[in-house]
Structure formats: structure tokens, C-alpha cells
Amino acid sequence: MRISEPQIANRLAELDVELQRGTALADLTSLGFGGTTDLLRLRKHETIPDLLRLLDSKHIPHKFLGGGSNLLVGDGELPWVVLRLVRPEPDIVLEGNYAHVDAAADLGRTVTFCAKHDLGGMEGLIGVPGTVGGALRMNAGAYGMQIGSYVREVKLYRAAARKIEILRGHQISFEYRHTSFAPDDMMLAVTLELPSKPYKEILQGIRICNEKRRSSQPLGQKSAGCIFKNPPGGSAGRMIDELGLKGLSVGDARVSDRHANFFVNAGHASAKDMLALIADVRERVRKAYGVTLENEVVVWNA
Ligand code: EPU
């Protein structure tokens with residue numbers, strides 16, 4: 001979708017929003033495909049309510065992009081614009097055991113920055129790609145930990161109330177790859193409370209998690225991490241593997257040979273290919289196990 005009215009473009013500039021026309025989402029997502037649209041880069045949290053009022057009044061649909069690492073975007077010209085926070089400098093401020101982190105901060109960098117200041121707990125998240133905002137929204141987790149355990153406060157734009165609000169940790173529920181945030185809430189910043197731990201000890205934990213990840217996941221390939229959530233008590237990766245589906249392909253969308261719950265873009269995959277592969281695998285698992293796997297990957301299809 002293109003913003004063509006000069007009036008709107010002028011107003012965006014007043015709101016400190018940078019309009020980046022005709023942006024290929026293939027370049028902003030880890031799967032490496034996806035169509036084109038105008039990208040709005042947000043420099044100030046405070047102008048977001050006015051920005052959304054403007055977009056609504058002009059009937060411009062929008063979506064909010066984090067790190068693009070758990071996202072499957074449709075092909076072609078996209079029928080909505082994309083909003084994205086510009087990462088401020090600094091993006092992490094420490095205060096005792098509290099880390100105040102902007103949602104646009106890189107998750108891995110946040111983990112290592114805190115570690116260098118003897119703040120641990122998040123070692124398992126080290127190899128999880130994406131932004132802190134994205135991790136927060138889906139309660140990212142790995143190796144027995146999840147980000148929600150450390151959340152004390154969240155600053156967000158609440159679409160329903162049309163304003164920026166602060167929520168305390170106890171007002172949010174964090175479950176397995178799920179939170180109580182509304183789908184159109186935008187994460188803006190978070191305060192984490194992290195346990196004190198010597199850097200050396202944290203580093204050891206980080207190394208172990210990195211090693212486990214390297215040995216079981218296709219890290220060098222374009223993917224969105226795990227495609228499906230694990231069903232209660234089960235493992236999507238194991239079920240897909242047991243059915244002999246590693247290597248199954250639709251076009252260049254392919255079930256990883258290394259981890260069966262990772263579907264990779266092995267060349268020039270399209271969203272259509274990947275969606276067809278997901279539907280095929282889901283159906284085969286349903287027939288074999290009677291379990292309907294739920295997407296972990298977020299799909300933005302036209
Ligand atoms: N397995 C297979 N074949 C495979 C993949 C896995 O047999 O191709 C088996 C493994 O041998 C193991 C079991 O399935 O016995 C579980 O596999 P793994 O330890 O890799 O964990 P997972 O449940 O597949 C989850 C998260 C990952 C996270 C790892 C490590 C989900 C959907 N996935 O994977 O998160 O990194 O645990 O904690 O919860 C993600 O969410 O995108 C993600 C990659």
C-alpha cells in the first residue's frame with residue numbers, strides 16, 4: 001500500500017515518522033520473502049497515538065513489525081503499511097537489578113549487555129533472533145526459561161484505549177508462547193528484573209545454550225524458527241520427523257533436514273509455497289496423530 005497524499009506525508013514528518021516508500025519486507029524478515037509496502041519508521045513513542053489517529057482517519061490499514069524473525073509475510077503488493085520503531089541510543093539503561101529496555105532493542109544484544117553487568121537469567125534466550133518487543137509479545141523462551149518471568153513493567157500503546165499505558169508485570173499473563181496482550185497492542189519498552197550472577201557464570205550458561213542450539217537447529221538458513229507450537233505434552237519437531245517429512249518441499253520452501261519444526265527458505269521460496277508446505281505438514285500430522293498443530297509463526301497474508 002502506498003501513501004500518495006502529500007498532506008499525509010507532511011503530517012508524518014511533523015510526527016517524526018520517516019516514510020520509507022516501497023519497502024521489500026523480504027529484506028526485513030528472517031524467512032527472506034514477502035511483498036512490498038510503505039514502511040513508517042517511528043522515532044518517538046509519544047507521537048504514536050496521533051499517528052494511529054491519522055492512519056485511521058485516512059483509512060490506511062497498518063501492521064506493527066518487530067524483528068521480523070517469527071513472521072511469514074504474503075507475496076506481492078501488500079494491502080497495509082508497516083510501522084516499526086527506530087532503535088534509540090541507548091536502548092538499555094540499567095538501574096541495580098532492573099534493565100529498562102526499548103522494545104526495538106535486539107534481544108541477543110540485551111542478554112549479553114546485561115550479562116556483562118553481572119545480570120543473568122536470560123541465558124537461554126541468547127540465540128533467539130528478534131527484538132525485545134517481539135520476544136515480549138509472544139513470551140519467547142528456550143532451554144527452560146521465558147522472558148515473561150523477568151518482566152516487571154511494560155510500556156505499550158493500547159489500541160483499544162488509543163493511548164500509551166504502563167502495565168505492571170502482575171497485570172499481564174505469560175504462558176507458553178502466548179501473552180494476554182491484545183493483537184493490536186504495540187510493545188514500546190519493558191523493565192526486566194534480573195538476578196545478579198557473575199559474568200563468567202552467565203557466559204558458561206550462554207555457551208551451553210549456543211552449543212545445544214547449533215547442534216539441533218539450522219542456524220545458517222533462512223527460517224522463522226519453529227513453525228508450530230508444541231502441542232501439550234508433545235513435540236511438533238519429533239512428530240514431523242517421525243513421519244519422515246524432513247526435506248519435504250513445496251518450491252523452495254522446505255522442512256529442514258536438521259530440525260523438522262524449522263521450515264527453511266532454501267532459495268527463492270514464496271509465501272504461497274511456505275503456506276502450502278505448512279498446510280500439508282499440518283494435515284499429515286493430524287491424520288497420523290489426531291493433533292492439529294497450531295502456528296507459532298505469525299502470518300501476515302493479504
Ligand atoms: N526432535 C526430533 N527430530 C527433530 C527435532 C526434534 O526427534 O527434527 C526431538 C528431539 O530429539 C527432542 C524433542 O524432539 O527429543 C524436542 O526437540 P528440541 O529439544 O529441539 O525442542 P523443541 O521442542 O523442538 C523447543 C522450542 C524452540 C527452542 C527449543 C530449546 C517450540 C515450538 N520450540 O523446540 O524454540 O529453541 O525448544 O528450548 O517451543 C522457536 O520457538 O522458534 C524455537 C526454535
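All ligand and atom numbering here is 1-based and tracks the order in the structure.
- Look at R87 and D102 and you find no salt bridge, because none of the NZ, NE, NH1 or NH2 atoms lies under 4.0 Å from a carboxylate O.
- Atom numbering of ligand 1 starts at 1 in the shown order; those under 4.0 Å from a heavy atom of R177 are 26 (C), 27 (C), 31 (C), 33 (N), 35 (O), 39 (O), 40 (C), 41 (O), 43 (C).
- Taking a distance limit of 4.0 Å, we find that atom 37 (O) of ligand 1 is approached by no protein heavy atom.
- The closest approach between a heavy atom of E242 and any atom of ligand 1 is not below 4.0 Å.
- Between E296 and K229 there is no salt bridge, since no side-chain nitrogen of the basic residue lies less than 4.0 Å from a carboxylate oxygen of the acidic one.
- Between K44 and D16, at least one side-chain N (NZ, or NE/NH1/NH2) sits under 4.0 Å from a carboxylate O, which counts as a salt bridge.
- Using a 4.0 Å cut-off to heavy atoms of A142, the atoms of ligand 1 that qualify are 36 (O), 38 (O).
- The R213 neighbourhood of ligand 1 comprises atoms 36 (O), with distances under 4.0 Å to a heavy atom of that residue.
- In this structure, K212 has no heavy atom closer than 4.0 Å to ligand 1.
- Judged by distance alone, the side chains of R238 and N261 never bring a donor and an acceptor atom under 3.5 Å apart.
- Under the 4.0 angstrom criterion, atom 5 (C) of ligand 1 counts as having a protein heavy-atom contact.
- Closest to atom 22 (P) of ligand 1 by heavy atom, among N230, N70, I240, is N230.
- Classification of R53 and D50 as a salt-bridged pair holds, one side-chain N sitting under 4.0 Å from a carboxylate O.
- Side chains of T191 and H100: a donor on one and an acceptor on the other come within 3.5 Å.
- Comparing E296, K246, M145 against atom 41 (O) of ligand 1, the shortest heavy-atom distance belongs to E296.
- For the 3.5 Å distance criterion, the side chains of E242 and Y289 qualify, holding a donor opposite an acceptor.
- Distance screen at 4.0 Å: atom 19 (O) of ligand 1 has no protein heavy-atom neighbour inside the cut-off.
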